[in-house]
Protein chains: 4
Amino acid sequence: MPRPSNTEERRQQIVLGLLRVMSERGYERASVNEIAKAAGLSPGLVHYHFSDKQEILLVLVEQLAARARERVARRVARIAPEDARGKVEAFLDAFLATGADADPSAVAGWVTISAEAIRQPEVRDAYEQVVRADLEHLEGLVASVVGKRRARALSVGLFAAVQGYFVLSASAPGLVPSGSAAHTVKQMAAGLLDTATAKEGA
Amino acid sequence: MPRPSNTEERRQQIVLGLLRVMSERGYERASVNEIAKAAGLSPGLVHYHFSDKQEILLVLVEQLAARARERVARRVARIAPEDARGKVEAFLDAFLATGADADPSAVAGWVTISAEAIRQPEVRDAYEQVVRADLEHLEGLVASVVGKRRARALSVGLFAAVQGYFVLSASAPGLVPSGSAAHTVKQMAAGLLDTATAKEGA
Amino acid sequence: MPRPSNTEERRQQIVLGLLRVMSERGYERASVNEIAKAAGLSPGLVHYHFSDKQEILLVLVEQLAARARERVARRVARIAPEDARGKVEAFLDAFLATGADADPSAVAGWVTISAEAIRQPEVRDAYEQVVRADLEHLEGLVASVVGKRRARALSVGLFAAVQGYFVLSASAPGLVPSGSAAHTVKQMAAGLLDTATAKEGA
Amino acid sequence: MPRPSNTEERRQQIVLGLLRVMSERGYERASVNEIAKAAGLSPGLVHYHFSDKQEILLVLVEQLAARARERVARRVARIAPEDARGKVEAFLDAFLATGADADPSAVAGWVTISAEAIRQPEVRDAYEQVVRADLEHLEGLVASVVGKRRARALSVGLFAAVQGYFVLSASAPGLVPSGSAAHTVKQMAAGLLDTATAKEGA
DNA sequence: CATGAATGAGCGTTCATTCAT
DNA sequence: AATGAATGAACGCTCATTCAT
């Protein structure tokens, strides 16, 4: 009787090992040996479970995205169905109220992934797909407030603000007043939605 | 008669070589040999003019910052002294109206630098110093509109939006509607400033 | 009641797996995992049935030799007992009329084995033993025509030509006119045997 | 004043280092570290002068071929212009009278290259090109004796015999009677040329 | 100032072999 | 018999850095 497969568990360990090492040393400097050590495994095993280092990164992208989607879904679900603005705020809170402050290594990892997306086409594809999905979600929520025509640009703006807070909190942590991110971005959202609604009404 | 020093010219070439290579391959993968080739120089000369690879990066950070400061100064100077809101918009335009679209390699380089700032303390210090200076400038402009008390958080929010647009346009270029960045961020600014002014007035 | 042993069948599968992989990738690059996959077995099983990779190769050498011996025996048996020259030609046909053209992977495998024989003493021993047996067979046939004294050198020459055709057809396949090998080597044999017979008669 | 380039000298050392190590351990087992050691150089320098290990092999193929061409040219040049058969024999002597016996590592290297040609397309191309050039030379000499029509098949046969002697002397050295190779192949040549001439005359 | 050869540590990856099940 | 996860050494290759000229 063969030993029961523990492949998924091992892949998990390795992906989390990459996140840990990468958030401290970046992707290039996260050597496979260190990833293995962080995962408590032998170096050879990493390549038994992943065809190459990039594959680990791609799985990590997907996992971080899934975590975020869950957080968003949970928060948005709590909002009353007719409260369209509340859902937009819930979306933003999901990213900023806990994300940026609560899990610095995930934020650092995400910023690192953004930079890797610039030069690794496969990473870029994965990154774009994740961002596109998030954006479409947000765009839908925004459209309920201001209509479809203006939703795209507004949601990109709000999402950019979120990403920008990630970058600043990871790369220049001393400069972001603690706890201000969610509040400020929601204010931006309110301003954008008001303006757009007013125009729409005109 | 000693030949006139060309040190500064050489350093310039090398720094621009790094920017070029780095925007295509990232910092770690930008080998000194490639930097030298991009600069039209021999590899050995790079270490004659810089003590190590990181020093080139630090100079690049400062140069990109200086370029941005000049663009900002030029635009803000054109605004009527009493038009406080106009100056905020000029600041944002300086970063987004030309920056993100017009010089993709500088944007890619800046995003790469943000990620390197996460793990290289010296890079982080340089990055923070640059961001702090920009933020203080923006904060001053914002304070003229809404007062000192609220200026800090608002300016960080606007600056985050700018950084976020940089990241999105470098890492997921298909997703940012072309030309929308400056307009949207200025809308955000208007909303924030209106809200804050109203509160202040209250 | 113990299940009947399938050891021999498994060893067969593995040896043929090695031949398949080796003819495409060479011996060193034929990984045990690939051999197992080609054999339809699990990697661990390979080392259950063989102590190491080299042992598979040694068995393969013996099997390819056995195949060749059978082909030779079959063809030679068809020749009239008194037709000594006919037997020499039958021997050569056994190697070249079908071998080189009909089973490219066996030819590639044999050429690969020749090269491995240069550095692995155990492989060299196995290879030498096989070649010696073939040579002794051929030498016997040649001796019936020209006498024992000259048979050794002549049979080595003919055998060398056979091996040379193997190499050329495996390594530079475009250069050997299709179907010419058996004919040309038999012409060589005829020339050698004529000359030697004439000298012998003198 | 820069140091004068010694690139060609270094490349020579490295190529000869590969030949030495490869003739003892095969191509795959000839590690870059060992090649460097055999060449008296540091490991990193190998990749400074060659883009990869295969490039060293390709240069070696060309060098071994050049050596052989020179030996052939020297011997053939000594033969009287009208002595067509003598030139064929000189060609064969160039490969077998000294080659096989005198430089075992070159022979072992060549046999190794033949085997590598089976799986590395670039090696195959280089190998085929070398063999084609040699064959065309021999074919021209043979054609002077028997006419163009029969020359191709005969020259391939003789060349195969030469290659076969290389293989046997490298891989099963005990089985080739010392000094017999050149003599036997020349006998084969004589037989082939006689037969073909007779037919041609018919 | 400038060259480009040289160094050696470290990287991602492969792999024969072992072993718990 | 059989599985496939696990190991760790070795490989080809890259690279920041040094240095003789």
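Chain letters run A, B, ... following the sequence lines, proteins first, then strands; residues in each count from 1. From a predicted model like this one, the values you see are computed outputs, not experimental measurements.
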> Under the criterion side chain to side chain contact (heavy atoms under 4.5 Å, CB included), which of D:Leu19, D:Val61, D:Ile14, D:Val32 is the partner of D:Ile56?
Replying inline: D:Ile14
> Should C:Phe50 and C:Arg10 be marked as a side chain to side chain contact (heavy atoms under 4.5 Å, CB included) after you check the CA-CA gap, both sets of side-chain angles, and the distance that decides it?
Replying inline: CA-CA 10 Å; C:Phe50 291 90; C:Arg10 290 285 178 263; over 6 Å; no
> So which pairs with a foot in residues 43-59 of chain A pass salt bridge (Lys or Arg N to Asp or Glu O under 4.0 Å), sequence neighbours left out?
Replying inline: A:Arg11-A:Glu55
> Are C:Thr7 and F:dA1 close enough that a side-chain N or O sits under 4.0 Å from OP1 or OP2?
Replying inline: yes
>> Side-chain N or O of C:Ser5 versus OP1/OP2 of F:dA1: is the shortest distance under 4.0 Å?
In response: yes
> Taking only residues at least two apart or on different chains, which pairs with a member in residues 31-49 of chain D satisfy salt bridge (Lys or Arg N to Asp or Glu O under 4.0 Å)?
Replying inline: D:Arg25-D:Glu34
>> For a quick test of reading the model, state the closest non-hydrogen atom pair linking D:Ser114 to C:Ser171 and the distance between them.
In response: O-OG, 2.7 Å
> What's the spacing between A:Arg29 CZ and B:Glu116 CD if we round to 0.5 Å?
Replying inline: 6.5 Å
> By salt bridge (charged side-chain N to carboxylate O under 4.0 Å, His left out), which residues pair with A:Arg20, not counting sequence neighbours?
Replying inline: none
> Between residues 31-64 of chain B and DNA chain F, which residues have a heavy-atom gap below 4.0 Å?
Replying inline: B:Ser31, B:Val32, B:His47, B:Asp52, B:Lys53
> Starting at CG of A:Asn6 and ending at P of E:dA20, how long is that distance when rounded to a whole Å?
Replying inline: 15 Å
> So which heavy atom on B:Leu64 is nearest to which on B:Ala106, and how close?
Replying inline: CD2-CB, 4.1 Å
> Where does DNA chain E form stems of at least three consecutive Watson-Crick or G-U wobble pairs, each pair having both distances below 3.5 Å?
Replying inline: E:2-21 with F:2-21
> Is the number of heavy atoms from other residues, nucleotides or ligands under 6.0 Å of D:Gln129 CD greater than 12?
Replying inline: no
> Ignoring hydrogens and geometry, is there a side-chain-to-backbone donor-acceptor pair from A:Arg119 to B:Met22 under 3.5 Å?
Replying inline: yes
>> Near DNA chain E, counting only heavy atoms under 4.0 Å, which residues of residues 12-30 of chain A show up?
In response: A:Ala30
